[in-house]
Structure formats: structure tokens, C-alpha cells
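What follows is a short report on a single structure.
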2 protein chains.
Amino acid sequence: MYQDRKRHLEARARVLKAMSHPTRLFIIEELDKEERCVCDLTGMVGADVSTISKHLSVLRQAGIVAADKRGNQVFYRLRVPCILNFFGCVESVLESQFQEQAAFLENVGA
Amino acid sequence: MYQDRKRHLEARARVLKAMSHPTRLFIIEELDKEERCVCDLTGMVGADVSTISKHLSVLRQAGIVAADKRGNQVFYRLRVPCILNFFGCVESVLESQFQEQAAFLENVGA
DNA sequence: TGGCTTTTTGGCTATATTGCCAAATAGCAT
DNA sequence: ATGCTATTTGGCAATATAGCCAAAAAGCCA
């Protein structure tokens with residue numbers, strides 16, 4: 001049952017895991033607008049350059065972004081823009097969480 | 001730039017993180033077909049009951065699944081089926097990874 | 001109540017992730 | 001070559017995650 005699909009599910013999980021960090025989600029959003037060098041993103045996020053570089057490395061290894069070296073800068077771009085389409089669904093999860101919490105609070109009050 | 005969106009991105013990341021495990025992806029797929037009790041899923045995955053229970057707890061806390069206790073069994077169901085729509089995109093990431101690897105191997109050969 | 005099943009929780013160890021600093025690497029310009 | 005900038009890598013400490021076993025909790029049935 002599970003063992004048959006395990007390898008495939010592990011591959012999927014790796015992609016999702018690479019996206020599962022607020023800074024990396026921010027980077028994905030920015031790269032959807034336009035390509036950016038590491039220094040751009042570092043400035044926007046406000047973390048150490050090495051931290052941003054490692055986040056980008058995670059995204060690159062997952063196949064989500066691609067790097068393009070020009071001069072002494074490295075520009076990153078989104079390799080698979082459909083990633084963004086998913087967030088509507090994630091939002092609906094967040095919405096359902098919110099509703100559940102509201103219902104819970106209502107029960108407590110009653 | 002980033003600080004403004006941080007809280008929101010953290011919430012999104014929590015949902016993605018909850019999905020970022022092969023066993024939990026399997027559970028999501030199964031629950032999309034029909035609701036299942038913990039014992040069903042335990043049998044299919046082949047892990048300890050406590051392990052499955054904890055995975056379900058992660059999914060529940062993320063708002064992805066809902067629990068329904070009937071008798072001494074607890075049935076879980078998918079709360080937000082659109083989750084599944086995303087996998088087409090994840091697959092395209094995997095496909096692009098595969099293509100990159102093929103290109104790399106070609107370069108090595110040449 | 002006592003025994004049975006199902007599920008959750010606590011505790012533990014092993015492993016992975018994060019983010020910083022410091023150092024190495026790479027490219028450009030003087 | 002030297003200096004300057006941009007990026008990556010190594011190393012480290014703090015924190016989080018995964019999965020097992022054992023034990024607790026909750027519900028059924030006799």
C-alpha cells in the first residue's frame with residue numbers, strides 16, 4: 001500500500017519541505033515578480049547573506065528556482081511558476097483553521 | 001518588505017510543513033478517497049499506531065484533516081480537498097529536476 | 001467491574017534544520 | 001597582483017522532528 005508509493009511520496013515531500021519556510025516563501029513570491037540577485041533578497045529579508053544563500057540553495061536543490069551567474073552576481077529565477085497557484089488552497093486551509101477556532105471560542109462561551 | 005508579510009508567510013509555511021512528509025502525503029491521498037480510522041491507516045502504512053496518530057495530529061493542527069470519533073474509533077477526513085490539486089505542480093517540479101539531471105549527465109558525457 | 005480494543009500522550013534517542021560568524025571562493029577593476 | 005564586492009561553504013549551538021516503546025485514556029461489551 002504505502003511501500004509501493006514511498007519513493008514517489010518522498011520526492012513530493014522534498015519539494016514541499018523546500019517551500020516550508022517563511023523566508024523561502026517570500027523568496028518564491030519575489031522571484032515570481034522578477035529575477036533577483038542574492039544581495040537584493042538579502043536586503044529585502046534582512047538576514048545574513050549566508051542565510052539567504054542557503055535558503056536559495058535549498059530551493060535550487062528542490063528544483064524550484066534556477067541560478068544564473070552574471071559578473072560577480074548570481075541571479076535567481078522561479079523555475080516552476082505554478083507553485084504560486086497553490087497558495088489559494090493554502091489560504092483556504094488557513095481560513096478553515098480560523099473558522100474552527102471561532103467555533104471553538106463560541107462553544108467555550110456557551 | 002519581508003517583515004510586513006512575515007506572520008502571514010509563517011502561517012502558510014506551517015501548512016506546507018505539515019504536508020512535507022511522505023507518510024502524511026500518503027494519508028492525505030487516502031483520505032481524499034474516503035474517511036479512514038487510525039487503525040486503517042496504520043495497517044496501510046505499516047508503522048506504529050502511535051506514529052500514525054502523531055502524523056494525524058500534525059495534519060489536524062494544520063487544519064488539513066478533521067477527526068470524528070465514533071465508538072472507540074476515530075475517523076479522519078480531508079478538510080480541504082484542493083490540497084490535491086497542487087500535486088500536478090509538484091510533479092512538474094520533479095519533472096524539471098529530472099530534465100536538469102539528464103542535461104547534466106549529457107554534459108558530463110560530452 | 002473487568003477485559004478488550006482503539007487512540008493518544010509521555011519519554012527517549014537519533015537525526016535534521018536554522019541562522020549566525022568566519023573563512024573560502026569567484027569575478028571585476030585598478 | 002591587490003583590493004573590492006558578491007556569493008558560497010564550513011562550523012557551531014539552539015531548536016525541531018521522527019519514530020519507537022510504554023503507559024494512559026476512552027469507549028465498548030459481557
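Values below: all heavy atoms of this structure, side chains included; hydrogens, waters and symmetry mates excluded.
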What is the separation between atom [atom1] on [X] and atom [atom2] on [N], rounded to the nearest whole Å?
| X | N | atom1 | atom2 | answer |
| --- | --- | --- | --- | --- |
| B/L56 | D/dA18 | CG | P | 13 Å |
| B/N72 | D/dA30 | CG | P | 13 Å |
| A/F75 | D/dT7 | CZ | C1' | 12 Å |
| A/R60 | D/dT7 | CZ | C1' | 11 Å |
| A/K17 | D/dT17 | NZ | P | 10 Å |

Where [X] and [Y] come nearest, the two heavy atoms and their spacing:
| X | Y | value |
| --- | --- | --- |
| B/A62 | B/V15 | O-CG2, 4.1 Å |
| A/R79 | A/G63 | CD-O, 3.0 Å |
| B/A13 | A/L25 | N-CD1, 3.6 Å |
| B/A47 | B/T42 | O-CG2, 3.3 Å |
| B/L9 | A/E29 | CD2-OE2, 4.0 Å |

Between N or O atoms, less than 3.5 Å apart, protein on one side and nucleotides 20-22 of chain D on the other: list the pairs.
{"unit_1": "D/dC20", "atom_1": "OP2", "unit_2": "B/D48", "atom_2": "N", "d": "3.4"}
{"unit_1": "D/dC20", "atom_1": "OP2", "unit_2": "B/T51", "atom_2": "OG1", "d": "3.0"}
{"unit_1": "D/dC20", "atom_1": "N4", "unit_2": "B/K54", "atom_2": "NZ", "d": "3.0"}
{"unit_1": "D/dC21", "atom_1": "OP2", "unit_2": "B/D48", "atom_2": "OD1", "d": "3.4"}
{"unit_1": "D/dC21", "atom_1": "N4", "unit_2": "B/S50", "atom_2": "OG", "d": "2.9"}

Would B/R5 and B/E10 pass as an ion pair if we require N to O under 4.0 Å?
->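 Looking at B/R5 and B/E10, the cut-off is not met.
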State plainly whether the residues A/K6 and A/D4 are in salt-bridge range, i.e. N to O under 4.0 Å.
->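 A salt bridge is absent here (no side-chain N lies under 4.0 Å from a carboxylate O).
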Group every Ile, Leu, Val, Met, Phe, Trp and Tyr by side-chain heavy-atom contacts under 4.5 Å, then state whether B/L56 and B/I28 land in the same group.
-> yes
Are A/M44 and A/V65 connected in a single hydrophobic cluster, I mean Ile/Leu/Val/Met/Phe/Trp/Tyr linked by side-chain heavy atoms less than 4.5 Å apart?
-> yes
Mind checking whether A/I64 and A/M19 have side chains closer than 4.5 Å, heavy atoms only?
->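 Counting from C-beta outward, A/I64 and A/M19 do come under 4.5 Å.
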Sub-4.0 Å heavy-atom contacts from residues 2-10 of chain A onto DNA chain D, ordered by number =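 The answer is none.
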Sub-4.0 Å heavy-atom contacts from residues 23-44 of chain B onto DNA chain D, ordered by number =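 Those residues whose heavy atoms fall under 4.0 Å from DNA chain D, taken from residues 23-44 of chain B in numerical order, are B/R24.
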ring-ring contact (aromatic ring centres under 6.0 Å, His included): pairs with one or both residues in residues 53-77 of chain A, sequence neighbours excluded |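 ring-ring contact (aromatic ring centres under 6.0 Å, His included) check on residues 53-77 of chain A returns A/H21-A/H55.
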Have a look at A/Y76 and say if it touches a base, only the backbone sugar-phosphate, or nothing, with a 4.0 Å heavy-atom cut-off.
->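 Sugar-phosphate: the residue A/Y76, judged by heavy atoms under 4.0 Å, touches backbone atoms but no base.
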5' priority, DNA chain C, between B/I52 and A/H21 [closest heavy atom] |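 Its nearest nucleotide lies further toward 5', so the answer is B/I52.
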Inter- and intrachain pairs under salt bridge (Lys or Arg N to Asp or Glu O under 4.0 Å), touching residues 40-54 of chain A, at least two apart |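 For residues 40-54 of chain A, and leaving out neighbouring residues, the salt bridge (Lys or Arg N to Asp or Glu O under 4.0 Å) pairs sorted by first residue read A/R36-A/D40.
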So where does chain B start and stop touching DNA chain C, 5' to 3', when the test is distance under 4.0 Å to a non-hydrogen atom?
->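 The protein-touched segment is C/dT5 to C/dG11.
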So which nucleotide from D/dT7, D/dG27, D/dT5 ends up closest to the side chain of A/S53?
-> D/dT7
Is the backbone N or O of A/L59 less than 3.5 Å from a side-chain atom of A/R24, with the two atoms forming a donor-acceptor pair by type?
->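 Checked: no pair found.
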